[in-house]
Number of protein chains: 2
Amino acid sequence: MTVSDPCRLTAGEASAAMAAGDLTAVALLTACLDRIDTRDPAVRAWLYVARESALADARRLDVERRSGRVRGPLHGIPIALKDVIDVAGMPGTHNSPLHEGRVPVDDAGCVALMRAAGAIPLGKLDTVEFAALGRLPKTVNPHRLTHTAGGSSSGSGAAVGDLQVPISFGTQTGGSVMRPASYCGTYAMKPTWGVVSREGAKLFAASLDTIGWYARSVGDLRLVAAASGIADGSGTRREVSTLRIALCQTPYADRARDGALTVLTRAADALKAAGATVERLELPTSFAEIDDAKDTIMRGEGRAAFLPALLTRGEELHDTLRGIAEFRSGITPMTLKAAQDFAGHARMAYEGHYRGYDAVLTFGATGEADGGLESTGNSVFNSLWTLLHLPVIGLPAGDGPTGLPIGVQLVGFRYADDTLLDVAAAAAPVIDPWCGKVRVPAG
Amino acid sequence: MTVSDPCRLTAGEASAAMAAGDLTAVALLTACLDRIDTRDPAVRAWLYVARESALADARRLDVERRSGRVRGPLHGIPIALKDVIDVAGMPGTHNSPLHEGRVPVDDAGCVALMRAAGAIPLGKLDTVEFAALGRLPKTVNPHRLTHTAGGSSSGSGAAVGDLQVPISFGTQTGGSVMRPASYCGTYAMKPTWGVVSREGAKLFAASLDTIGWYARSVGDLRLVAAASGIADGSGTRREVSTLRIALCQTPYADRARDGALTVLTRAADALKAAGATVERLELPTSFAEIDDAKDTIMRGEGRAAFLPALLTRGEELHDTLRGIAEFRSGITPMTLKAAQDFAGHARMAYEGHYRGYDAVLTFGATGEADGGLESTGNSVFNSLWTLLHLPVIGLPAGDGPTGLPIGVQLVGFRYADDTLLDVAAAAAPVIDPWCGKVRVPAG
């Protein structure tokens, strides 16, 4: 067979086609570049496309494959990086005017891991400034070009959701990986805090910052996890009927707009109908302040991240970032310590509370993406899991009232990333109406 | 007055002399360069000396001062950086064969803070490879050239202890700042985890890694803390008689060799004699496994740090680092989670246990520096405080049986770095026999 539109393949499908001799890395890359040329003037996901170096990589990887050498599970697969993640020799601006023209000399840890597995870094994706606050990205939602793609990993969600690249990387300090996944109709994974090197990614809040990735199937999420050393390549097949899922609307259920609750309920019902055990089990009442604790830690630790810029180039620093560096929100040593201790308690309490379940099922976002680009949306359903250091997988789960995608999240247990991938693989065909099909964005 | 040997000045004294017109930044820098030329062929603290850029900085800062502009409390003061901390445009090898010739494009966060305060980055200091394990530094102890300076911040402790530079930076994941301070007879500070940006320093274990600094007085430690935004410039004067100190030998008292216990006891007795309250209060018995928990977290988180190098350039990676990346020590998700939860509990328990005390007084190291360069010594008296995220100040406290320096540590409370500096300032004249004098290394 020949592959008519390689952009529509998942990374796993493309790998299989390359192994069968039906596709080359150059052909796959060329298809991605064509789609970028066609679509990105409208979607605006990319800050930099490394055409020449990527083509050179693809040619080299094709030669290696023909001579029988396959580097790893991503041999010849293009990937793209949020612009807060360094790629040696590519611009790395953090979407900040402070770093125009910056070209780092090192690959970030996650980029090195992907290169070792044979992936091709194709370019850099737009982001909220420093993956934090400040200058907003120009990226729009590929499903409706007047709407936000979410943030802060805006370009990462949009580029994968728009079939411009099969895999992208983002970062999450609050909800910066998971919200764009929900808005853009993609899968995404945020692993357990600390298990994937975040070296070479801009620091925001050290106890929260986590590398995450986007793809169009759970299988592709696993390919990246395997290349990152946190999952094996094939996983353990689970029957959906064996799953024990805790349905949790969090203390912030009142922030969910109608579409989000409808989609979450449908996902839970579909799992039940497929034989899974789904039981409503909310977080312990002691978790009521978890979003406040997250905010205190994010801003409290963020001060260290932005103080050097404040003191060296303060006049160029966006006022919201100045505000963090100046501790304007009134964080004190006592409130920061209390928030850190709350987080320590909550991490332990979560484990006991949900023991016996395979995962927690919860909202992916408060609803559909908002119109306009003045806001990248609300992270209240994402941030708490980041604070808890838990692995999270986002899955497309349906559309909202105006036809934009809405996702759900499956939340696992610390350091059990591999197990969560198994759970998500079993749940995805039931939850995601597009599972196994290609959704071409209508925007 | 004129300053006959500016190398002997603390940063605070040099600043005062510059403000009075008795010293220039160029003269101070030239004195440091002369001492480096004289001494460093034997001490081997430096991997790179940036003579030209430092002299250019010094000339510029002298011009600025003459025109009435003073950047900050370190205006014209040379500083030096452990080679795992990036300085834009200077070699940054992490003392690793994997990074020969690497020249980063960004200043680390702490370097940017120091430049903003007027400091002059003078060069890079030798370190254990990646501030972790692997290739050992060539640095020797300035007090006895056949002995170790400690590690991993070996060059940082030795350069300040040898009067080659008034201030240096290191990093601590276990005991990498505090042990060289004890061995080299210097002061040092490791702040609360997370309050000083560690961006641009090589990652080892994300929940432990902390930037720290060396100086020859508590006042100089405060200058750096103030420039880092975690203390005010002057502090609050405490009378030593008002101090309430808890003496703690930790669960590892049996590792202390005779000199360490003698020095610690003398420090406690001297504080008592000066009117301070000193009461023995050991850690809760639940802390017995704290060093094991630290080791599990260091190696468990360290896997993420070294896996990219293993998978891209594994054949060049030192076998001990390969061992961490390959999880050879048998760490599992369950043991790592248990260690993280232990740490969370212990951080909270510490606060309650020592409430009412100003600081904990404990060993600085197990004893004098060892002979030979095959080991940088034992970090058992340093690592536990790193795990607890507590601010620590190391103070010279006397000599061991063979005449080499031994220090003690004062340990404070999370986010109360400023308060700990006040306590150390009051305690130092009582604890440190050389306080206010210049100790010229005899090695």
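In what follows, chains carry the letters A, B, and so on, assigned in the order in which the sequence lines appear, proteins first and then strands, with residues in each chain numbered from 1. Any value given below was found using the heavy atoms of this structure, including those in side chains, with hydrogens, waters and symmetry copies removed.
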Next item on the list: Name the option with the most non-hydrogen atom pairs under 4.5 Å to chain B; the candidates are A:Leu310, A:Leu336, A:Leu311, A:Val105.
Entry: A:Leu336
Checklist line | Contact origin within B:Ala227 toward chain A - heavy atom pairs under 4.5 Å | finding: backbone
Note to self: Heavy-atom cut-off 4.5 Å, strictly under: side chain, backbone, both or neither for A:Ala346 against chain B?
What the structure shows: neither
Note to self: Between A:Val111 and chain B, with a heavy-atom cut-off of 4.5 Å, which part of the residue counts as in contact: side chain, backbone, both or neither?
What the structure shows: neither
Note to self: Nearest 0.5 angstrom please: A:Leu390 CG to A:Leu384 CG, how far?
What the structure shows: 8.5 Å
Next item on the list: Just give me the residue among B:Val195, B:Ile230, B:Leu203 that pairs up with chain A most often, heavy atom to heavy atom, under 4.5 Å.
Entry: B:Leu203
Next item on the list: Pick whichever of A:Gly229, A:Gly344, A:Ala116 has the most heavy-atom pairs under 4.5 Å with chain B.
Entry: A:Gly229
Notebook entry, point to check: Taking every heavy-atom pair that is under 4.5 Å apart, which of B:Gly194, B:Ala343, B:Gly109 has the most such pairs with chain A?
Noted result: B:Gly109
Item checked: B:Leu74 vs B:Met114 side-chain heavy atoms within contact, under 4.5 Å -> yes
Next item on the list: Can you tell which part of B:Ala338 gets under 4.5 Å to a heavy atom of chain A, answering side chain, backbone, both or neither?
Entry: neither
Item checked: Residue part contacting chain B, namely of A:Ala416, when any heavy atom lies under 4.5 Å -> neither
Would you list the atom pairs in which one atom of chain B and one of chain A form a donor-acceptor pair under 3.5 Å?
residue, atom, partner, partner atom, Å
B:Arg102, NE, A:Asp106, OD1, 3.1
B:Arg102, NE, A:Asp106, OD2, 2.8
B:Arg102, NH2, A:Asp106, OD2, 2.8
B:Asp106, OD1, A:Arg102, NE, 3.1
B:Asp106, OD2, A:Arg102, NE, 2.8
B:Asp106, OD2, A:Arg102, NH2, 2.8
B:Glu199, OE1, A:Lys202, NZ, 2.6
B:Glu199, OE2, A:Leu203, N, 2.7
B:Lys202, NZ, A:Glu199, OE1, 2.7
B:Leu203, N, A:Glu199, OE2, 2.7
B:Gly229, O, A:Arg303, NH1, 2.7
B:Gly229, O, A:Arg303, NH2, 2.9
B:Arg303, NH1, A:Gly229, O, 2.7
B:Arg303, NH2, A:Gly229, O, 2.9
B:Lys337, NZ, A:Glu351, OE1, 2.8
B:Gln340, NE2, A:Tyr415, OH, 3.0
B:Asp341, OD1, A:Arg414, NH1, 2.9
B:Asp341, OD1, A:Arg414, NH2, 3.0
B:Asp341, OD2, A:Arg414, NH2, 3.0
B:Glu351, OE1, A:Lys337, NZ, 2.8
B:Arg414, NH1, A:Asp341, OD1, 2.9
B:Arg414, NH2, A:Asp341, OD1, 3.0
B:Arg414, NH2, A:Asp341, OD2, 3.1
B:Tyr415, OH, A:Gln340, NE2, 3.0

